[in-house]
Structures are given as C-alpha cells and as structure tokens.
Amino acid sequence: MFLRHLGDYTPSDEDENHWAAIIPVSSGPSPRYRTEWVREDTPGPDRRTRFEPGDVVIRISDDDTWLEPPTVIDTGPHRIPHTRHAVAYRLRIRTDLDPIAIAEAVCVLTDRGHPNPRLHCDHRVISPSLRAAPLRLWKR
C-alpha cells in the first residue's frame, strides 16, 4: 500500500488507442467503480517503490488537507510520450467513498494507537497493522 501525491492525467487519443491494444478488456463498466488516470513524473528506481497492478494507493491532495479514498492500480506503468521519465497508471476508484480530512484521520489513527501515521508525505506502508488502519477510515 502507498500514500502518494499524484497528479491527474488525461491521455491523448493516440495514447488511449495504443494502450487499449495492450490493456486487457474488462467485462464492462461497473457502477460501483470508475477509472481515472494519474501521472507519476519520477518513478522510483527501486522495484519496491514502483506501482504494480493490484497495489492499493491512498492519494494525498496537493494542499495536504485531504486523503482521497483508497484506489487500486488497474494498469500501468505506461510511458508518457515526449517526457523524460513520466509514466501513467489507470486507477479503479470506488464511487461511494468520500475524501477524509487529514487532520481528522490523524486524530482517529492516534486514538487507535498509531501516533505517527505520516499522512503528509509520500511513502510505502509495509506493516500489516499500519496498512489496515488507514483503510478502516473508510469502513462502511
């Protein structure tokens, strides 16, 4: 699981057509999920810091005030043309979850025994208990 600042990305028609040939076709749209593309400008050189399909990502807003609902990496990385290192990933996002204020999330996680959740900085969450704690913020 990762906590990251990621920018939205809108692929060109040419990119969409090229990636459509590579990406497996799903069984159809699901009303419970929507897809969205994000851009990562400088993917880490280490395999452990790069996204792979199936990874869970909680996005942090640019102004460090909101945690977006958990998303799953659907496809990627896809190299973005005319950039040096940038890549794009397609995310699957649940439509029924709302963003949570970071201040509120910090209070909840502190009350649950996680005194330093590091919700403002990009990092990989390795500990199973720390992975479960932020996901429980959206428990329904």
Side-chain angles (χ1 to χ4, degrees):
M1 185 171 98
F2 296 88
L3 283 143
R4 290 275 178 89
H5 291 86
L6 293 172
D8 292 335
Y9 178 67
T10 305
S12 67
D13 291 337
E14 181 181 323
D15 292 340
E16 282 280 2
N17 292 336
H18 174 71
W19 294 340
I22 299 169
I23 299 169
V25 177
S26 64
S27 61
S30 169
R32 188 172 183 184
Y33 296 97
R34 73 179 194 281
T35 58
E36 192 172 292
W37 287 93
V38 293
R39 173 185 177 130
E40 187 174 28
D41 288 324
T42 53
D46 185 5
R47 180 182 68 73
R48 294 173 296 174
T49 62
R50 286 183 275 164
F51 298 139
E52 293 184 14
D55 285 344
V56 175
V57 178
I58 296 176
R59 295 190 302 164
I60 306 166
S61 66
D62 290 336
D63 59 359
D64 290 335
T65 56
W66 295 97
L67 288 178
E68 299 293 328
T71 61
V72 175
I73 300 292
D74 195 27
T75 63
H78 299 289
R79 188 181 157 309
I80 299 174
H82 311 294
T83 63
R84 190 161 239 206
H85 301 289
V87 293
Y89 297 92
R90 186 172 68 186
L91 303 176
R92 280 188 12 196
I93 304 167
R94 283 188 45 178
T95 57
D96 60 341
L97 300 176
D98 297 321
I100 296 175
I102 287 182
E104 178 185 332
V106 168
C107 290
V108 170
L109 292 174
T110 302
D111 291 343
R112 292 181 182 167
H114 301 286
N116 184 14
R118 293 178 34 195
L119 299 179
H120 292 42
C121 60
D122 294 354
H123 67 283
R124 180 178 179 209
V125 182
I126 298 172
S127 164
S129 66
L130 288 177
R131 274 187 273 177
L135 294 175
R136 272 191 233 116
L137 295 170
W138 284 275
K139 186 175 181 181
R140 293 192 175 210

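Please read these numbers as outputs of a predicted model, since none were measured by experiment. What's counted below: heavy atoms across the whole structure, side chains too, no hydrogens, waters or symmetry copies.
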Within the structure provided, determine whether [X] and [Y] are in side-chain contact (heavy-atom separation under 4.5 Å).
X      : Y      : value
Arg94  : Trp138 : no
Val87  : Arg50  : no
Ile100 : Val108 : no
Asp98  : Trp66  : no

Quick one: pull up [atom1] in [X] and [atom2] in [Y] and give me the separation to the nearest 0.5 Å.
X      : Y     : atom1 : atom2 : value
Ile102 : Leu67 : CD1   : CG    : 4.5 Å
Thr35  : Arg90 : OG1   : CZ    : 5.5 Å
Glu52  : Ile73 : CD    : CD1   : 10.0 Å
Leu91  : Asp55 : CG    : CG    : 11.0 Å

Tell me every residue that passes side chain to side chain donor-acceptor pair (under 3.5 Å) with [X], counting only those two or more places apart in sequence or in another chain.
X     : answer
Thr65 : Asp63
Asp41 : Arg39
Glu40 : Arg4

If every non-hydrogen atom of [X] is compared with every non-hydrogen atom of [Y], which pair is closest and at what distance?
X     : Y     : result
Arg79 : Thr83 : NH2-O, 3.8 Å
Pro70 : Val56 : CB-CG1, 4.2 Å
Arg59 : Asp8  : NH1-OD1, 3.1 Å
Asp74 : Pro53 : O-CB, 3.8 Å

Side chain to side chain contact (heavy atoms under 4.5 Å, CB included) test vs Pro134 passes for just one of Leu3, Val125, Ile58, namely Ile58
Identify each donor-acceptor pair in which a side-chain atom of residues 109-122 lies under 3.5 Å from a protein atom, sequence neighbours left out, and give them as a table.
{"from": "Thr110", "atom 1": "OG1", "to": "Val106", "atom 2": "O", "distance (Å)": "2.7"}
{"from": "Asp122", "atom 1": "OD1", "to": "His5", "atom 2": "N", "distance (Å)": "2.9"}
{"from": "Asp122", "atom 1": "OD1", "to": "His5", "atom 2": "ND1", "distance (Å)": "2.6"}

Honestly curious: do [X] and [Y] fall in one hydrophobic cluster under the side-chain, below-4.5 Å linking rule?
X     : Y     : result
Ile60 : Leu97 : yes
Val57 : Val72 : no
Val38 : Tyr33 : no
Trp37 : Tyr89 : no

Applying ring pair (Phe, Tyr, Trp, His ring centres under 6.0 Å), can you list everything that pairs with Phe2, at least two apart in sequence or on another chain? Phe51
Check the surroundings of atom CG in Asp62: do more than 12 heavy atoms from other residues, nucleotides or ligands lie under 6.0 Å from it? no
Is there a donor-acceptor contact under 3.5 Å from the side chain of Thr71 to the main chain of Ile93? no
Sequence neighbours excluded - side chain to side chain donor-acceptor pair (under 3.5 Å) pairs with any residue from residues 124-134: Ser127-Ser129
